[in-house]
Amino acid sequence: MSTRVKKKIEYHSLNVLTWLIVALVVFPIFWMVKVSLHTNGEILQGITSLSIPRPQWLNYKNLWETINFGQYFKNSLIICFSTMVVSCFLAILAGYALARYKFPGSDLFGISVIGTQMIPGIMFLLPIYLLFLKIKDLFGIPMVDTYWGMILVYSAFYTPMSIWIIRSFFVSIPKDLEESARIDGCNRIQAFVKVILPLSLPGIIAMCVYIFLTAWDELMFAWVLTTTPEVQTIPVGIRLFVGQYTNRYDLLMSAASVVTLPVIIVFFLSQKYFISGMTAGAVKG
């Protein structure tokens with residue numbers, strides 16, 4: 001068998017394998033959406049056909065009316081978007097400093113930043129809860145069941161990985177571009193804003209997508225640190241819904257679809273930037 005034929009067979013085999021993996025990943029999402037368009041009676045009887053004779057769009061309307069899904073959705077947007085802004089701002093400053101400056105302890109700090117991701121988050125749960133209670137006792141500032149409490153916790157957890165993502169992207173940008181801008185009359189801050197940040201846009205978008213999606217799906221801290229629907233996020237709302245409406249699979253699948261599909265849409269719209277940002281610095285730096 002010739003080398004050309006072998007390469008062609010290998011190419012088509014990899015394509016088949018790739019599409020098989022895609023099908024395995026996409027099918028559960030397809031089935032979730034499909035089930036959400038059936039009545040609860042049809043689901044309990046068992047769904048075997050891939051066709052949907054009469055889509056039950058009222059399931060989605062009933063979802064918003066039954067469990068106040070709109071409030072959970074709003075809470076998630078506020079907390080996740082605010083976390084994204086805070087973490088992104090801090091990560092850009094820290095990442096740029098690690099990429100461009102050498103100061104005493106810079107290497108140790110860089111290793112410590114990524115090293116924090118090896119510690120299981122559940123180990124921080126009780127200390128953070130007790131700390132929040134202590135802050136309220138000493139200063140009268142409520143932290144449990146508040147937006148800013150959740151934003152503070154999420155920002156603390158997602159900033160280290162964000163620093164590493166954007167730091168790798170800053171390292172991949174040649175220093176000559178920044179030096180040329182300074183020769184043309186820009187100071188260091190102007191060169192950073194006018195040259196480095198525009199070139200770092202794919203990395204910044206990747207970082208923002210990572211922060212938003214991770215915060216959107218987080219349940220453990222949201223479950224413990226929020227107690228009322230005015231602050232609770234979508235994962236908590238679904239968890240409460242499962243406990244209250246165990247047999248309403250139609251509404252459960254509708255809730256899962258509402259949570260999942262917007263995230264998938266955001267990811268696919270930004271996948272080009274996300275992939276380029278996540279792979280930046282893989283070779284250099």
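Computed from a prediction, not measured in an experiment: that's the story for all the values here.
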Nearest 0.5 Å please: distance from the [atom1] atom of [X] over to the [atom2] atom of [Y].
| X | Y | atom1 | atom2 | value |
| --- | --- | --- | --- | --- |
| Lys7 | His12 | NZ | NE2 | 14.0 Å |
| Phe170 | Ile166 | CZ | CD1 | 4.5 Å |
| Met207 | Ile204 | CE | CD1 | 6.0 Å |
| Phe212 | Asp217 | CZ | CG | 10.0 Å |
| Ile234 | Asn75 | CD1 | CG | 9.0 Å |

Checking the side chain of [X] only, and the main-chain atoms of [Y] only, is there a donor and an acceptor separated by less than 3.5 Å?
| X | Y | answer |
| --- | --- | --- |
| Asp145 | Val231 | no |
| Glu178 | Lys175 | no |
| Asn59 | Ser36 | yes |
| Glu218 | Ala222 | yes |
| Ser200 | Gly203 | no |
| Ser172 | Phe169 | yes |

For Ile211 and Ser87 the tightest heavy-atom approach is CD1-CB, 3.5 Å

Tell me if the centroids of the rings in Trp19 and Phe27 come within less than 6.0 Å of each other.
no

Original post:
If you measure only the distance, is there a donor-acceptor pair under 3.5 Å linking the side chains of Lys34 and His38?
Top reply: yes

Note, [X] side chain near [Y] side chain (heavy atom, < 4.5 Å):
| X | Y | value |
| --- | --- | --- |
| Trp216 | Val259 | yes |
| Trp148 | Pro142 | yes |
| Tyr60 | Ser257 | yes |
| Thr233 | Thr226 | no |

Original post:
In terms of the angle between their ring planes, are Phe124 and Phe157 parallel, tilted or perpendicular, with boundaries placed at 30° and 60°?
Top reply: perpendicular

Within a reach of under 6.0 Å around [atom1] of [X], are more than 12 heavy atoms found that belong to other residues, nucleotides or ligands?
| X | atom1 | result |
| --- | --- | --- |
| Leu14 | CG | yes |
| Tyr129 | OH | no |
| Leu138 | CG | yes |
| Tyr147 | OH | yes |

With Ile128 as partner, the option from Val153, Val224, Leu152 fulfilling side chain to side chain contact (heavy atoms under 4.5 Å, CB included) is Val153

